[in-house]
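Down below is the structure, laid out as structure tokens.
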Amino acid sequence: MSGISIDAKRAEQFYSGEEFTAMMERAKSAKEKLLGRMGEGNDFLGWLDLPVDYDKEEFAAIKEAASKIRKDSDVLVVIGIGGSYLGARAAIEFLRHSFYNNDSIAKNKYKAPQIYFVGNHISGTYLTELMDLLEGKDWSINVISKSGTTTECAIAFRIFREALEKKYGKEGAADRIYATTDRKKGALKTLSDAQGYKTFVVPDDVGGRFSVLTAVGLLPIAASGADIDALMEGARIAREDAFNKSAEECGPLCYAALRNIFMEKGKSVEILANYEPSMHYISEWWKQLYGESEGKGGKGIFPASVDLTTDLHSMGQFIQDGTRLMFETVIAIDKPRAEVIIPSDDADLDGLNYLAGKTMDYVNKNAMEGTILAHTEGGVPNILIHMPDTSEKSLGELFYFFEFACGVSGYMLGVNPFNQPGVEKYKANMFKLLGKPGC
């Protein structure tokens, strides 16, 4: 049974039982469409069965490559954009030490390389300064692109491949380049075959934003020393619950229904809130998942995020008292990775002795409860998602929970959740301005 649970008590004042029952009927129909593969985009539903039907040979090869990277590399440079990097970055920043990329932490605590992500922007400054960091270190590349021609990734790969070849020679560099790409075709696959790079597959039936449980996410995650078997096991448990639980007990279905209730009541913005800094990139991953899946045809809930309590001192005023166009989904970690007890102080000049002997997590959770109460009183519905701990298993459950709910919610909304027609527009304009031949 999944450890991820949903608590809608703080939101119940904003809808009626009849509204929830009616919306759950729509959610059940959308689930049937999803599982029956009857909706638009049904050729991109490979993610549904990934936790139980993945390539075991490739999975073993991923772990073998990750082990090699951990042994021969001080740094792993991961080149990708969107779904080609967000899932891996979210997992690594959540599962590893907050200061993982400090030399002594990555090397001594995890026996793993520092991991840096590039190809997700077009900044020469960032690439130059990462090159400075690589000076004197042994490093490898994991380039992730189905086509090999995505502009941001292709530029970064060209630059870092050249630097790697200068350092190790072509043959030595080839032994340090891992390409996650199309199984049969594309520029990156052609180059990889010609140069002898180790390759992993971006499945044809899994879109980028749903690909964290494929080699796209698993190789960098495994290179960090995280347990990808436990990650997949968590996703398997979440899949079993999503497929088999009754509608009222199915967390992803309830979440999808609540989102659509609030949208129809004029709540056009969903804020994902967390109370741990390590969850920042989970929010970024979630924003792409829902933004790219639902934002089309003039429809969709705008996905935003806040890191709390940090952003209460910047965005708190607007959430509490601004335009009433939002609802919040709060992720609470029941058991944090570490506990700190607040000490007593004889002078008590800061007035904190009333908290002496309490843990910071106790204070954090009371801040969360106080914020939820304030925001609901201010007219902002709050959904609470409980996550048991910061383990790989729990994260696998969370990834699948959100993916399944996204597929259901998209169909409820009346869009194809698995395409992204609007993404191509900026590319066409950019290529024309750059003078690309044929544009």
Open item on the list: Tell me whether Arg161 forms a cation-pi arrangement with Phe157, defined as NZ or CZ under 6.0 Å from the six-membered ring centre and within 45 degrees of its axis.
Closed with: yes
- [ ] Evaluate the criterion side chain to side chain contact (heavy atoms under 4.5 Å, CB included) for residue pair Asn364 and Glu276; output intermediate values, then yes/no.
- [x] CA-CA 9 Å; Asn364 200 25; Glu276 284 289 344; 4.1 Å; yes
Open item on the list: Looking at Lys9 and Glu12, is there a salt bridge between them, counting it only when a charged N and a carboxylate O are closer than 4.0 Å?
Closed with: no
- [ ] Determine whether Phe418 and Glu40 make a side-chain contact, defined as any pair of heavy atoms from C-beta on separated by less than 4.5 Å.
- [x] no
Task: Parallel, tilted or perpendicular, as decided by the 30° and 60° cut-offs, for the rings of Phe401 and Tyr255 - done: tilted
TODO: Determine, step by step, whether Glu369 and Arg10 satisfy the salt bridge (charged side-chain N to carboxylate O under 4.0 Å, His left out) criterion, reporting the C-alpha distance in whole Å, the side-chain angles of both residues, the deciding distance to 0.1 Å, and the verdict.
DONE: CA-CA 10 Å; Glu369 291 293 343; Arg10 285 89 166 171; 2.8 Å; yes
TODO: Would you indicate whether Glu57, at its atom CD, is surrounded by more than 12 heavy atoms from other residues, nucleotides or ligands within a distance under 6.0 Å?
DONE: no
Task: From CA spacing to verdict: salt bridge (charged side-chain N to carboxylate O under 4.0 Å, His left out), Asp49, Arg239 - done: CA-CA 8 Å; Asp49 296 324; Arg239 177 188 179 275; 2.7 Å; yes
TODO: Using a 4.5 Å cut-off on heavy atoms from C-beta on, say whether the side chain of Ile115 contacts that of Val75.
DONE: no
Open item on the list: Are Tyr411 and Pro417 packed together at the side-chain level, in the sense that at least one heavy-atom pair is separated by less than 4.5 angstrom?
Closed with: yes
- [ ] May I ask you to say whether Asp229 pairs ionically with Lys63, meaning some side-chain N is under 4.0 Å from a carboxylate O?
- [x] yes
Task: Closest contact, heavy atoms only, Val206 versus Trp47 - done: CG2-N, 3.6 Å
Open item on the list: Please determine whether side-chain hydrogen bond (donor to acceptor under 3.5 Å, both in side chains) holds for the pair Ser140 and Ser73, giving the CA-CA distance in whole Å, both sets of side-chain angles, and the decisive distance to 0.1 Å.
Closed with: CA-CA 6 Å; Ser140 297; Ser73 301; 2.6 Å; yes
TODO: State, yes or no, whether a side-chain contact exists between Phe210 and Phe44 at a heavy-atom distance under 4.5 Å.
DONE: no
- [ ] Check for a donor-acceptor pair, side chain of Asp321 on one end and backbone N or O of Gln317 on the other, with a separation under 3.5 Å.
- [x] no
TODO: Could you check whether the rings of Phe402 and Trp285 sit parallel, tilted or perpendicular, using 30° and 60° as the cut-offs?
DONE: tilted
Task: 4.5 Å side-chain heavy-atom contact, Asp311 and Leu308 - done: yes
Task: Nearest-0.5 Å distance, CG of residue Asp389 to CG of residue Leu395 - done: 10.5 Å
TODO: Tell me whether the guanidinium CZ or amine NZ of Arg259 lies under 6.0 angstrom from the six-membered ring centre of Phe262 and within 45° of its axis.
DONE: no
Task: Residues Lys393 and Glu397 bridged, charged N to O under 4.0 Å - done: yes
- [ ] Determine yes or no for a side-chain-to-main-chain donor-acceptor pair under 3.5 angstrom, with Glu294 supplying the side chain and Gly300 the backbone.
- [x] no
Open item on the list: Any side-chain to backbone donor/acceptor pair from Arg324 onto Gly378? Under 3.5 Å, distance only.
Closed with: yes
Task: Side chains of Met326 and Lys267 in contact at under 4.5 Å (non-hydrogen atoms) - done: no
Open item on the list: Less than 4.0 angstrom from a charged side-chain N to a carboxylate O is my criterion; do Lys28 and Glu32 meet it?
Closed with: no
Open item on the list: Within the structure provided, determine whether Ile62 and Phe200 are in side-chain contact (heavy-atom separation under 4.5 Å).
Closed with: yes
Task: Over all atoms of both residues, closest heavy-atom pair of Asn102 and Gln114 - done: C-NE2, 4.2 Å
Task: Derivation and outcome, salt bridge (charged side-chain N to carboxylate O under 4.0 Å, His left out), residues Lys265 and Glu19 - done: CA-CA 11 Å; Lys265 289 178 175 291; Glu19 287 174 317; 2.9 Å; yes
TODO: Would you indicate whether the side-chain heavy atoms of Ser268 and Phe302 approach each other to under 4.5 Å?
DONE: no
Open item on the list: Does Thr21 form a side-chain hydrogen bond (donor to acceptor under 3.5 Å, both in side chains) with Glu18? I'd like the steps, not just the answer.
Closed with: CA-CA 5 Å; Thr21 299; Glu18 291 77 12; over 6 Å; no
Open item on the list: Please give me the minimum heavy-atom distance between Ile4 and Ser394, naming the atom from each residue.
Closed with: CD1-O, 3.9 Å
Task: Side-chain ion pair, Asp182 and Lys146, N-O less than 4.0 Å - done: yes
Task: Minimal non-hydrogen separation, Val408 against Ala27, with atom names - done: CG1-O, 3.8 Å
Open item on the list: Between the side chains of Lys68 and Glu64, is the shortest nitrogen-to-carboxylate-oxygen separation below 4.0 Å, so that they form an ion pair?
Closed with: no
TODO: Evaluate the criterion salt bridge (charged side-chain N to carboxylate O under 4.0 Å, His left out) for residue pair Glu392 and Arg96; output intermediate values, then yes/no.
DONE: CA-CA 10 Å; Glu392 288 91 340; Arg96 306 289 79 175; 3.6 Å; yes
- [ ] Verify the neighbour count for atom NZ of Lys56: are there more than 12 heavy atoms of other residues, nucleotides or ligands below 6.0 Å?
- [x] yes
TODO: Taking all non-hydrogen atoms of both residues into account, name the closest pair between Ala179 and Ser192 and its distance.
DONE: CB-OG, 3.3 Å
Task: Option passing side chain to side chain contact (heavy atoms under 4.5 Å, CB included) with Val78 (candidates Val143, Ile141, Ile144, Asn120) - done: Ile144
- [ ] Measure up the Tyr110 and Tyr100 rings against each other and bin them: parallel (under 30°), tilted (30 to 60°), perpendicular (over 60°).
- [x] tilted
- [ ] Step through the shown structure and confirm whether more than 12 heavy atoms of other residues, nucleotides or ligands are within 6.0 Å of OH on Tyr126.
- [x] yes
TODO: For residues Gly208 and Ser211, report the shortest heavy-atom separation together with the two atoms involved.
DONE: O-OG, 2.6 Å
Open item on the list: Quick check for you: to the nearest 0.5 Å, what is the distance between Lys365 atom NZ and Met368 atom CE?
Closed with: 6.5 Å
TODO: Carefully, step by step, assess Tyr178 and Tyr197 under the rule ring pair (Phe, Tyr, Trp, His ring centres under 6.0 Å).
DONE: CA-CA 6 Å; Tyr178 304 83; Tyr197 304 154; 9.4 Å; no
Open item on the list: Rounded at 0.5 Å granularity, tell me how far CG in Leu253 sits from CE in Met24.
Closed with: 4.5 Å
Task: Residue Ile341 excluded, over 12 heavy atoms near CD1 under 6.0 Å - done: no
